[in-house]
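Right, one structure below, let's go through it.
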Amino acid sequence: MLDSYQRNYDAIVIGCGHAGVEACLALARLGHKTLAITLSLDAIAFMACNPAIGGTAKGHLVREIDALGGQMGLSADNNLLQIRMLNMGKGAAVQSLRGQADKTLYHHYMKNIMETTPNLDILQGEVAEILTKNGAVYGITTTLGQTFYADSIVVATGVYLNAHIIIGDNVTKTGPNGFSRATKLTDSLISLDIPTRRFKTGTPARVDKNTINFDVMQVQNGDDNIYPFSFMTNGYIPNKEVCYLTYTTQKTKDIIMANIDRSPLYNGSIHSIGPRYCPSIEDKVMRFADKERHQIFIEPESSLTNEMYVQGMSSSMPFDVQLEMYKSVIGLEKVKIMRFAYAIEYDCIDSLCLTPYLMVKHIKGLFLAGQLNGSSGYEEAAAQGLIAGINASLYLKEKQPLVLTRDSSYIGVLIDDLVTKGTNEPYRMMTARAEHRLLLRQENADRRLTPIGREVGLVDDERWQEYTQKMQTIEDISHILDKTLPPKEYKDFFETIGEPVPNNALSYKDMLKRASISYDMLMQNFEELKDLDKRCFEEVATSVKYEGYLNKQQSIIADINKLENKTLPQDIDYSQIKGLRIEARQKLDKIKPLNLGQASRISGVSPADITVLLVYLSKAGK
């Protein structure tokens with residue numbers, strides 16, 4: 001007997017976390033009849049850890065998701081409690097937007113978006129098996145015995161596969177926040193020869209707002225007049241809440257040291273690998289024993305609850321140690337814990353089994369995205385989900401896949417790192433990973449990616465009109481800034497700011513190249529610039545100030561692209577190429593790079609090996 005759902009779909013998305021949501025929305029919006037199946041409808045786009053969107057490098061990812069036509073930026077803007085720009089004292093390349101989100105409202109907002117999207121069915125259930133035939137997917141079965149058919153499947157299961165919650169010696173077989181875990185799908189992945197591994201992450205306690213002494217903490221206000229995540233959000237977003245900064249004490253350290261033998265991280269209970277850049281408080285105390293204290297941020301979870309998130313105190317210590325530990329923090333002396341901190345272990349895959357467009361190399365139509373691929377963070381997951389959804393659509397349409405390059409986006413860096421270098425720990429995006437980060441600033445994400453989103457079909461007419469109008473405005477402002485002024489017209493301005501007055505005419509662009517002159521100073525002091533669009537003016541000014549560095553990076557990219565443009569046939573037998581070192585043969589055969597550029601980034605492949613490949617391609621006429 002048929003159930004209330006149809007059996008045949010174009011695509012199926014397994015999991016509705018941040019990766020799954022972007023994947024199914026992309027597929028549905030691109031016209032494909034899509035089924036989204038999740039363990040719990042209450043966990044759609046749920047923020048199991050920090051209720052924040054963005055942060056260093058992560059803010060870049062959100063802007064890029066938005067520029068391509070994804071959902072995360074718009075949803076964040078509609079549910080923010082506070083917004084800040086990080087690294088304002090540093091260069092434009094590393095400045096990143098971070099928003100404290102209302103996790104309850106964000107979940108409901110995203111769920112409603114999914115429920116009202118045409119072509120998308122949503123089902124609560126657990127997938128037991130991915131069905132394949134002749135090296136291609138054709139459907140799934142559920143633990144209830146249902147079968148659904150589709151030619152394209154995106155798996156975005158997050159941290160739910162065989163998840164364990166660990167608090168001291170108490171191990172609970174559940175997913176994050178008490179949600180059900182998935183117990184069948186790992187076996188299916190293994191049966192499909194997809195290599196799996198075990199990773200760990202964790203989250204701090206949630207504490208009662210009414211039991212915190214905020215008077216002894218430092219207020220962390222949001223920033224006013226900060227442009228939001230989405231290029232489609234008009235104006236600024238008001239700050240509704242404040243966060244707080246406090247510190248651990250010597251007593252905190254003493255409590256942890258006295259109980260370190262009870263820590264699952266140090267007594268052997270946890271064997272999986274955790275994130276290096278987001279360590280637990282016990283790990284920080286042990287690794288940085290010389291530090292007297294550690295920063296702790298107290299952040300609101302939602303406008304609908306008194307729960308506060310204690311950022312910086314992730315832990316898997318027993319509950320009684322946690323009680324002592326948290327009360328030793330300045331301002332938390334009388335705190336009441338509402339949810340204890342925990343570590344979570346889960347199954348994920350070795351991302352080297354994936355192509356740069358996130359399809360499993362040996363199974364057509366099967367795409368993997370998010371924390372399943374060994375990454376960490378909502379933003380990294382959403383970025384992969386969007387690309388997986390786009391490429392699942394292109395696969396169904398029998399079109400060439402979308403591969404974003406390292407010089408085009410942080411998304412390109414993220415995916416290239418995962419599928420070319422792999423990761424032995426939960427991967428976190430950082431600005432330092434992007435070698436072309438001066439080109440990949442967050443404010444120009446739309447200039448880099450919106451035309452690509454339009455070509456794919458995710459950028460609708462309204463967004464495209466906004467984009468084209470902005471490009472015209474930027475062009476107009478650039479022409480205005482080319483205007484030259486004789487010394488008499490800028491003399492008073494230069495004297496006011498303490499700059500020596502040259503004897504020759506200067507353009508506004510010449511002025512902007514001076515370190516002491518900013519775009520807003522020009523807007524305030526020259527009448528013809530006062531009414532220009534401030535956001536576009538700032539973008540033009542940034543390009544002008546860094547023009548020399550940008551040109552140098554473009555030159556380097558042109559040289560790199562000579563390798564990127566030399567494709568490698570996927571049927572090459574690297575074991576038969578004379579001159580390649582054994583390690584290079586093994587790595588090249590395993591990863592099967594698409595081009596020489598990707599091959600050159602594989603660990604264990606030397607410049608000499610690349611030269612051998614160049615000679616091979618030349619002789620083979622390829």
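None of these values were measured; they are calculated from a predicted model.
- Checked against the 6.0 Å centroid criterion, the rings of Y395 and Y357 do not qualify as a close aromatic pair.
- For the residue pair T186 and D347, a side-chain donor N or O sits within less than 3.5 Å of a side-chain acceptor on the partner.
- The nearest pair of heavy atoms linking Q124 to L41 is OE1-N, 2.9 Å.
- The minimum heavy-atom distance linking V127 with K184 is given by the pair O-CB, 4.0 Å.
- Here the side chain of T423 pairs no donor or acceptor atom with the backbone of P426 at under 3.5 angstrom.
- Using the six-membered ring where Trp is involved, F199 and Y346 have ring planes that are perpendicular, over 60° apart on the 30 and 60° scheme.
- Ring planes of H60 and Y410: tilted class, angle from 30 to 60°.
- Taking both residues in full, the closest heavy atoms of A28 and N119 are given as O-ND2, 3.1 Å, listed atom of the first, atom of the second, then distance.
- Sequence neighbours left out, the pairs with a member in residues 543-553 that pass salt bridge (charged side-chain N to carboxylate O under 4.0 Å, His left out) are K513-E547.
- Cation-pi geometry between R63 and F231 is met: the NZ or CZ atom falls under 6.0 Å from the ring centre, inside 45° of the normal.
- Considering Q598, K421, R601 as possible partners of I591, the one that fulfils the side-chain contact (heavy atoms from CB on, under 4.5 Å) test is Q598.
- Smallest separation of non-hydrogen atoms from T450 and V459: O-CG2, 3.7 Å.
- Between R581 and V612, every side-chain heavy-atom pair lies at or beyond the 4.5 Å cut-off.
- Counting only distance, with no hydrogens or angles, the side chain of T196 and the backbone of C348 share no donor-acceptor pair below 3.5 Å.
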Listing, residues 364-374 side-chain donor-acceptor contacts under 3.5 Å, not counting sequence neighbours, or none:
unit_1	atom_1	unit_2	atom_2	d
N373	ND2	L368	O	3.0
N373	ND2	Q384	OE1	2.9

